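Here the structure is laid out as structure tokens; the discussion comes afterwards.
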2 protein chains.
Amino acid sequence: MLIKDPIYQQLRQALGELILKRDFKVGDKFLTEREISERFGVSRTTANKALSSLVADGTLEFRKGVGTFVRPGVLDYDLRSLVSFSDKARSAGRVPKTELLAFRRLRASEAPDPVAAQLGAGPKERLFFVERLRFADDVPVILERRYILADLCPRLTKRDLEGSLYAAWTEKHKLAITGASQTIRAVKLSGSDAAALQTKPGDAALAVLALGYVADGKPLWREETLYRAEAYEFRCELGGLHPSQPTMGHLLP
Amino acid sequence: MLIKDPIYQQLRQALGELILKRDFKVGDKFLTEREISERFGVSRTTANKALSSLVADGTLEFRKGVGTFVRPGVLDYDLRSLVSFSDKARSAGRVPKTELLAFRRLRASEAPDPVAAQLGAGPKERLFFVERLRFADDVPVILERRYILADLCPRLTKRDLEGSLYAAWTEKHKLAITGASQTIRAVKLSGSDAAALQTKPGDAALAVLALGYVADGKPLWREETLYRAEAYEFRCELGGLHPSQPTMGHLLP
DNA sequence: ATTAGCATCGTGGCTAAGCCACCGTGCTAC
DNA sequence: GTAGCACGGTGGCTTAGCCACGATGCTAAT
């Protein structure tokens with residue numbers, strides 16, 4: 001980039017990083033306009049402009065006469081529900097259950113082909129492999145297989161994997177999960193996958209390939225997930241002059 | 001809303017509507033800060049704040065020393081590619097073809113059950129029904145069935161339907177398409193659908209139920225679309241401190 | 001006639017200084 | 001104990017003004 005960004009965009013970025021780095025947690029009171037103006041050597045107007053833009057995309061929230069606060073935020077919320085099946089199930093009035101099918105360490109070179117490349121891992125890098133089956137009201141709905149860079153969260157335990165991976169990452173390992181990408185396809189279930197999901201081989205299923213990222217766009221995990229066709233759907237909204245909702249999975253009745 | 005929005009948010013909304021109403025088209029020079037400040041009776045600072053927020057979500061673009069311009073925009077671009085299969089196919093290096101299987105008028109009461117309700121149509125309201133099969137390099141990839149409120153685009157012709165519906169709506173009928181929602185599921189193809197798509201019954205396919213909206217959130221169309229599993233996928237990005245990309249379909253090689 | 005260079009003007013970028021409405025807090029007076 | 005008030009800090013918004021940038025069109029040199 002030869003062209004220098006305008007000051008308020010640089011400022012916006014700097015402030016955004018303060019939040020990503022968890023210097024300010026969700027719910028915290030953020031810097032005031034007057035503080036920012038002093039600390040960064042800009043005018044209060046510019047501070048306000050940068051803050052406004054963070055308010056606009058839901059990262060912050062203004063409360064007149066009080067201050068600026070860090071919001072749970074689209075980011076946090078959606079990533080949480082991307083990862084947290086249990087929350088989703090409970091809010092749909094279902095009882096979630098997780099069965100851990102496999103949990104082992106391996107080297108990147110031992111993983112299937114595209115895994116190491118997509119995770120940007122050298123052949124000797126350590127990975128976790130986790131395979132979980134997730135139930136809603138005792139019906140198996142999701143079969144998930146996930147490779148995780150072990151160096152980033154060395155203290156993962158079996159216990160973590162029966163609960164929320166998301167919590168283990170954010171709370172135990174202080175990882176700031178900043179993004180994810182999903183690719184959705186339709187597939188016919190193979191015999192073994194169908195058996196795990198208690199349906200027939202050849203039945204249709206949604207296959208989602210997802211990559212999760214921490215700060216700096218560094219990958220943290222890669223997962224391939226199978227969703228039983230009659231039990232799950234993805235929804236997304238486009239357009240309006242408002243930021244669009246990301247695609248989210250929903251449990252079907 | 002008892003609580004009055006701050007001025008700059010009201011202003012932002014007002015400006016946004018100018019664009020939605022197509023008072024300013026894509027590529028046009030927008031109002032200058034000084035014009036806005038005069039026309040709306042606000043300060044230039046506030047005008048800038050409102051504009052900045054529209055720049056932030058990609059609706060406008062600043063060019064220093066020149067002015068503010070209406071961008072092709074996430075909105076326009078994504079909705080276009082939601083609707084325009086041909087563009088997508090061509091940019092994937094494939095040759096698109098469209099075969100019109102059916103085109104007829106009917107009353108809302110004659111349509112399948114959820115259609116009228118989702119379109120908000122009374123039983124006597126006129127609808128178009130359009131069924132199209134879309135090819136990439138002479139391979140059938142998409143089977144689409146669409147109900148359209150006829151009152152909003154009475155002059156649709158068979159010719160329009162062999163090309164771009166999107167163009168017929170926006171150019172011929174001056175409709176501003178402002179949003180859409182998609183729901184993605186996996187299904188097994190029925191015999192007749194499989195025949196149309198030249199695959200075997202029971203094969204997996206992506207089924208997308210979509211609703212499209214014009215200004216004021218009024219529905220314009222409802223479509224059910226089947227995508228051949230090996231030929232199509234949907235991708236979406238979450239997170240970052242930037243607005244997330246909506247889910248978009250992609251042709252597979 | 002063509003073109004290189006320059007002056008001008010309108011644009012957004014940014015600052016400075018200041019008033020206001022709003023909110024929480026803590027004190028005061030009942 | 002509590003109702004009420006005064007105060008200080010916050011974001012909301014304005015006014016006034018300078019600056020850098022980019023387009024435009026003129027002017028002067030070729």
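Letters A, B, ... are given to chains in the order of the sequence lines, protein chains preceding strands, and every chain is numbered from 1. Quick caveat, the model's predicted, so the values are computed rather than measured.
- Atom pair E61(A):CD and dG12(D):P shows a separation of 12 Å (rounding to whole Å applied).
- For CZ of R155(A), the number of neighbouring non-hydrogen atoms (other residues, nucleotides, ligands) closer than 6.0 Å is greater than 12.
- Of the inter-residue distances, the one linking I184(A) atom CD1 with R185(B) atom CZ reads 13.0 Å to the nearest 0.5 angstrom.
- For F234(A) and F234(B), the ring centers are positioned 6.0 Å apart or more.
- Note on residues 32-52 of chain B: pairs passing salt bridge (Lys or Arg N to Asp or Glu O under 4.0 Å), not counting sequence neighbours, are E33(B)-R44(B).
- Taking the ring pair (Phe, Tyr, Trp, His ring centres under 6.0 Å) definition, one finds that F24(A) meets it with F30(A), sequence neighbours left out.
- If you take CD of E38(A) and P of dG9(D), they are 13 Å apart, rounded to a whole angstrom.
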Given protein heavy atoms under 4.0 Å, the one-letter contact record of nucleotides 10-17 of chain C, with B base, S sugar-phosphate only and - none, is simply BBBBBBB-

